[in-house]
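Because the structure is a prediction, the values reported are computed rather than measured. In each ligand, atom 1 is the first atom listed, and ligand 1 is the first ligand listed.
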Amino acid sequence: MTVKIKERKEKERKVPIEVFPDPKTAVILTLQHSGAKNTPLVSVGDKVSIGQKIGNSDKKVNAPIHSPISGEVKQISNANSLCYEDVCTLPADFGEAIIIENDGKKRKDKSLVSISESELESISNDILIGRIREAGIIGMGGAGFPTHIKLSPPSAYPIKFLVVNACESEVFDTSDERLLIEKTTNILKGVKVMRKILGSPEVIIAVKENKFEAVERVKEVFSGEQIRIEARSFSYAQGDASLLQKALFGWEVPAGKRSYTMGVVVHNVATINAVANAIFKGEPLISRVTTFTGDIDEPKNLLVKIGTPIGSIFDHYKINQGDIRKVVSGGAMMGNTITSLGAPVTKKTSSIIVYYKSNYKLGKKKTACIRCSKCISACPLNLHPVLIYEALEKEDLKSAKRLNSEDCFGCRICSYVCPSGIPLAHTILSGNL
Ligand code: SF4
Ligand code: SF4
């Protein structure tokens with residue numbers, strides 16, 4: 001059963017990207033990606049410049065962090081107290097927060113070298129991959145896996161397809177859609193960088209057909225580039241990289257395997273845009289587009305500096321904070337509820353969704369399982385959420401594993417359809433930690 005998650009983005013998708021002012025104080029988390037935590041490279045009292053690397057790790061699976069503003073480091077402290085909890089209140093680790101006060105001088109760090117488009121073919125892949133790593137680029141669609149790792153598959157697995165994931169299936173998010181409309185040429189440049197690195201695979205752009213303006217723009221700019229455009233009615237779950245492959249190619253990525261074993265690499269549109277910025281403009285990942293929406297009257301697509309406290313966005317637009325029930329960062333289905341408006345925008349903040357008390361409907365009250373099997377027929381991975389849940393409730397991890405609990409990618413469709421309000425996704429994801 002394919003569950004339709006109703007999108008709510010008619011207003012949002014029409015709003016052009018607006019540049020949000022630099023924050024007075026930036027809060028940069030040392031762990032914004034999947035992988036090893038960064039160690040701060042700065043100390044309290046240090047002066048920093050825009051784009052200066054301020055955190056790094058010698059571990060392979062890592063992406064460094066950079067200062068989005070010029071100013072002085074005021075504090076370095078544990079981030080977890082001020083930031084997020086998962087929608088399902090999972091324990092999470094965000095490392096440390098490096099707090100920088102803006103001096104307004106807009107001093108720029110120029111460590112990251114840029115090239116012109118005509119130089120691309122003559123630059124080695126190792127240099128390109130090294131610059132993508134140095135720029136701190138990660139999967140900006142939500143997974144947060146460092147991009148330079150995804151661009152370095154083992155040589156035993158030649159890459160046949162580079163899939164540009166422009167499905168953006170979260171309920172409210174339109175940040176990728178606006179990038180496709182407004183930064184199409186830049187995205188094409190990023191595709192060319194990735195195509196070179198991956199050995200000239202076929203490029204496919206997967207985009208939802210209801211993004212009319214974006215589809216037209218992509219057709220216009222990408223025509224003649226030997227790039228296949230797949231504009232289809234992808235479902236919510238097909239925004240996931242492995243389910244997207246099933247939709248495009250008909251195959252399933254085996255459990256525990258990565259996409260490259262099937263000869264496929266999937267990258268999100270915002271990530272590709274960031275790659276173009278790094279290679280051709282020498283810009284590390286210090287800003288991103290986020291959709292600011294929900295119950296507020298005028299939704300926005302904001303180009304905002306990473307590290308901007310979410311509360312400062314409310315202040316800037318004079319939004320009433322008294323009626324706030326909760327604020328979710330990074331998608332209504334798979335995002336995180338922030339526990340304080342001091343929590344910052346991160347590399348993964350695709351959207352900021354505001355829910356007002358006056359509009360808020362309480363979730364279903366938890367009752368006993370009625371054996372309806374809706375969760376089973378709805379799970380896009382054909383898992384048995386109810387059985388995994390029951391195993392985990394008995395702390396029977398072996399049985400949960402046998403039921404492939406570790407394949408769960410947290411789409412939360414099972415919890416969404418359950419008439420008994422059972423926290424299936426929360427329990428399964430907690431069990432996988
Ligand atoms: S959250 Fe996990 S178990 Fe539930 S529907 Fe999604 S993939 Fe299946
Ligand atoms: S959807 Fe809920 S009530 Fe139905 S079988 Fe699954 S857990 Fe039980």
Side-chain angles (χ1 to χ4, degrees), residues 1-7 34 84-92 139 141-145 165 167-171 173 234-247 251-259 266 268 328-337 348 350 361-433:
M1 171 177 80
T2 303
V3 176
K4 282 206 167 161
I5 307 286
K6 200 165 175 267
E7 290 189 345
S34 308
Y84 303 99
E85 59 188 26
D86 187 272
V87 164
C88 322
T89 61
L90 292 175
F145 199 70
N165 187 350
C167 291
E168 199 176 44
S169 47
E170 272 282 2
V171 180
D173 297 14
F234 295 106
S235 69
Y236 160 68
Q238 284 166 336
D240 169 70
S242 49
L243 292 167
L244 181 57
Q245 281 179 67
K246 194 173 173 191
W251 64 57
E252 291 188 39
V253 182
K257 298 274 182 201
R258 293 202 177 273
S259 298
V266 182
N268 154 272
V328 172
S329 165
M333 291 294 283
M334 295 177 75
N336 306 297
T337 299
K348 295 198 282 187
S350 56
K361 291 189 197 103
L362 284 177
K364 290 166 251 175
K365 209 171 159 223
K366 185 183 162 197
T367 51
C369 171
I370 56 167
R371 294 316 214 214
C372 66
S373 78
K374 278 188 180 168
C375 57
I376 296 171
S377 43
C379 176
L381 295 184
N382 301 319
L383 301 178
H384 287 57
V386 60
L387 300 183
I388 301 173
Y389 171 84
E390 287 171 354
L392 290 169
E393 282 290 280
K394 288 185 220 143
E395 296 185 10
D396 181 359
L397 294 181
K398 265 193 189 163
S399 299
K401 269 194 181 176
R402 256 200 315 274
L403 290 159
N404 299 318
S405 61
E406 287 173 334
D407 287 354
C408 170
F409 68 103
C411 67
R412 298 185 73 236
I413 289 177
C414 50
S415 299
Y416 180 82
V417 298
C418 175
S420 300
I422 297 171
L424 298 161
H426 166 66
T427 308
I428 296 167
L429 293 167
S430 303
N432 286 343
L433 285 175

Verify whether one side chain among S399 and R402 offers a donor that lies under 3.5 Å from an acceptor in the other.
yes

Is there a donor-acceptor contact under 3.5 Å from the side chain of N336 to the main chain of G330?
no

Donor-acceptor list for residues 379-390 side chains, cut-off 3.5 Å, not counting sequence neighbours:
| residue | atom | partner | partner atom | Å |
| --- | --- | --- | --- | --- |
| Y389 | OH | K366 | NZ | 3.2 |
| E390 | OE1 | R371 | NH2 | 3.2 |
| E390 | OE2 | R371 | NH1 | 2.6 |
| E390 | OE2 | R371 | NH2 | 3.1 |

Check for me: within less than 2.8 Å of atom 6 (Fe) of ligand 2, which protein N/O/S atoms show up?
C375 SG

Can you find a side-chain donor-acceptor pair between S242 and E252 that sits under 3.5 Å?
no

Looking at F145, is R258 sitting on its ring face, NZ or CZ under 6.0 Å from the six-membered ring centre and within 45 degrees of the normal?
yes

I370 heavy atoms, cut-off 4.0 Å: which ligand 2 atoms fall inside?
3 (S)

With sequence neighbours excluded, what pairs up with S420 under the side-chain contact (heavy atoms from CB on, under 4.5 Å) test?
T367, I370, C418, I422

Among protein heavy atoms, which sits nearest to atom 2 (Fe) of ligand 1, and what does the distance come to when rounded to 0.1 Å?
C408 SG, 2.4 Å

Holding to salt bridge (Lys or Arg N to Asp or Glu O under 4.0 Å), I want the full list of residues that pass it with E406, two or more places apart in sequence or in another chain.
K401

Provide, to 0.1 Å, the distance between atom 6 (Fe) of ligand 1 and the closest protein heavy atom, together with that atom's residue and name.
C411 SG, 2.3 Å

Against heavy atoms of R412, which atoms of ligand 1 measure under 4.0 Å?
1 (S), 6 (Fe)

State whether the side chain of Y236 and the backbone N or O of C411 hold a donor-acceptor pair below 3.5 Å, judged by distance alone.
yes

What's the shortest distance from atom 8 (Fe) of ligand 1 to any protein heavy atom, and which residue and atom give it?
C379 SG, 2.4 Å

